[in-house]
Amino acid sequence: MADKDFFDQVYQVVRLIPKGRVTSYGAIAAYLGAKGSARLVGYAMNAAGSQKPKVPAHRVVNRNGLLSGKHHFATPFTMQELLEKEKVKVDNDRVVDFKTKFWDPSIGLAL
DNA sequence: GTAATGACCTTGG
DNA sequence: ACCAAGGCCATTA
């Protein structure tokens with residue numbers, strides 16, 4: 001676990017996600033220049049729970065704004081609970097106004 | 001070292 | 001418009 005090139009990058013971006021905002025795996029992957037490697041972002045999230053600096057993986061959802069990885073949290077409700085705490089309403093495991101709450105790293109970090 | 005899997009996305013029929 | 005399959009990179013067994 002010495003080389004965290006892609007992982008560390010993903011963790012950094014995810015940690016930089018503002019509260020009440022959500023991003024998608026593809027967005028992070030594309031920001032890192034690995035558009036086709038969206039799966040790696042998801043995989044990185046899997047290791048996120050193993051990382052020391054806890055990563056707000058609950059702010060990361062799939063392209064449809066669906067809480068795909070909610071099942072990987074402590075409990076399937078953890079992700080939704082955390083999102084609701086961030087004032088992000090979730091309906092049917094789906095982020096409300098996802099496109100509005102969507103936070104693009106290239107935009108958020110660029111501005 | 002090889003094979004299979006994975007919290008995805010894109011493209012083709 | 002909908003359904004299906006492939007591709008990508010890294011980790012783990």
Side-chain angles (χ1 to χ4, degrees):
Chain A
M1 305 300 196
D3 303 271
K4 318 176 243 158
D5 298 327
F6 209 91
F7 279 50
D8 192 19
Q9 287 288 37
V10 176
Y11 302 141
Q12 285 289 348
V13 177
V14 175
R15 272 190 276 172
L16 286 166
I17 298 174
K19 290 170 94 178
R21 283 296 140 82
V22 273
T23 186
S24 58
Y25 306 91
I28 299 169
Y31 175 69
L32 299 176
K35 185 191 157 196
S37 307
R39 302 187 89 176
L40 275 302
V41 182
Y43 208 86
M45 296 285 100
N46 187 4
S50 247
Q51 292 307 305
K52 311 275 191 54
K54 239 166 151 202
V55 183
H58 58 269
R59 289 181 192 159
V60 186
V61 294
N62 66 346
R63 209 36 171 165
N64 286 314
L66 191 73
L67 307 183
S68 49
K70 70 167 207 159
H71 208 275
H72 283 254
F73 280 80
T75 60
F77 296 94
T78 309
M79 191 169 191
Q80 182 161 342
E81 283 278 307
L82 289 166
L83 284 170
E84 287 196 336
K85 276 185 184 177
E86 300 292 318
K87 303 296 185 285
V88 180
K89 288 171 184 172
V90 179
D91 176 59
N92 193 1
D93 299 342
R94 183 181 55 193
V95 178
V96 179
D97 294 326
F98 173 67
K99 60 183 189 136
T100 305
K101 300 263 164 98
F102 183 78
W103 178 82
D104 197 320
S106 59
I107 295 172
L109 296 175
L111 292 175

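Just so it is clear, the model here is predicted, and its values are computed rather than measured.
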Of all residues at least two apart in sequence or in a different chain, which pass the salt bridge (charged side-chain N to carboxylate O under 4.0 Å, His left out) check with A/Arg63?
none
Mind checking what makes side chain to side chain contact (heavy atoms under 4.5 Å, CB included) contact with A/Arg39, not counting sequence neighbours?
none
Qualifying residues under ring-ring contact (aromatic ring centres under 6.0 Å, His included), relative to A/Phe102, sequence neighbours excluded
A/Phe98
Distances for protein N or O near nucleotides 3-6 of chain C N or O, under 3.5 Å:
none

Euclidean distance for C1', C/dC3 against B/dA7 (whole angstrom):
23 Å
Starting the side chain at C-beta, find the nucleotide from B/dG6, C/dT11, B/dA7 nearest to A/Leu40.
B/dG6
Could you check how far CD of A/Gln51 sits from P of C/dT11, rounded to whole Å?
11 Å
Residue list, salt bridge (charged side-chain N to carboxylate O under 4.0 Å, His left out) with A/Asp93, at least two apart or on another chain
A/Lys70
Going by heavy atoms closer than 4.0 Å, what residues in residues 74-86 of chain A are next to DNA chain B?
none
Search all heavy atoms of A/Ala29 against all heavy atoms of A/Ala38 and return the closest pair with its distance.
CB-CA, 3.8 Å
Contacts of A/Asn92 that satisfy side chain to side chain contact (heavy atoms under 4.5 Å, CB included) - sequence neighbours left out:
none
If the condition is side chain to side chain donor-acceptor pair (under 3.5 Å), which residues does A/Thr23 pass it with, not counting sequence neighbours?
none
Nucleotide-resolved protein contact map, nucleotides 8-13 of chain B, B/S/- at heavy-atom distance under 4.0 Å
BSS---
How close or far is atom P of B/dA7 from atom CG of A/Asn46, stated in whole angstroms?
7 Å
Between OH of A/Tyr43 and P of C/dA10 the distance, given in whole Å, is 13 Å
With sequence neighbours excluded, what pairs up with A/Glu86 under the side chain to side chain donor-acceptor pair (under 3.5 Å) test?
A/Arg59
Could you check how far CG of A/Leu32 sits from P of C/dC8, rounded to whole Å?
18 Å
Go through the structure and list residues passing side chain to side chain contact (heavy atoms under 4.5 Å, CB included) with A/Leu40, not counting sequence neighbours.
A/Phe6, A/Ser37
Base, sugar-phosphate alone, or nothing: which one does A/Ala57 contact when heavy atoms must sit under 4.0 Å apart?
base
Holding to side chain to side chain contact (heavy atoms under 4.5 Å, CB included), I want the full list of residues that pass it with A/Arg15, two or more places apart in sequence or in another chain.
A/Asp8, A/Tyr11, A/Gln12, A/Pro53, A/Pro56
Rounded to whole Å, how long is the line connecting atom CD1 of A/Ile28 with atom P of C/dA10?
17 Å
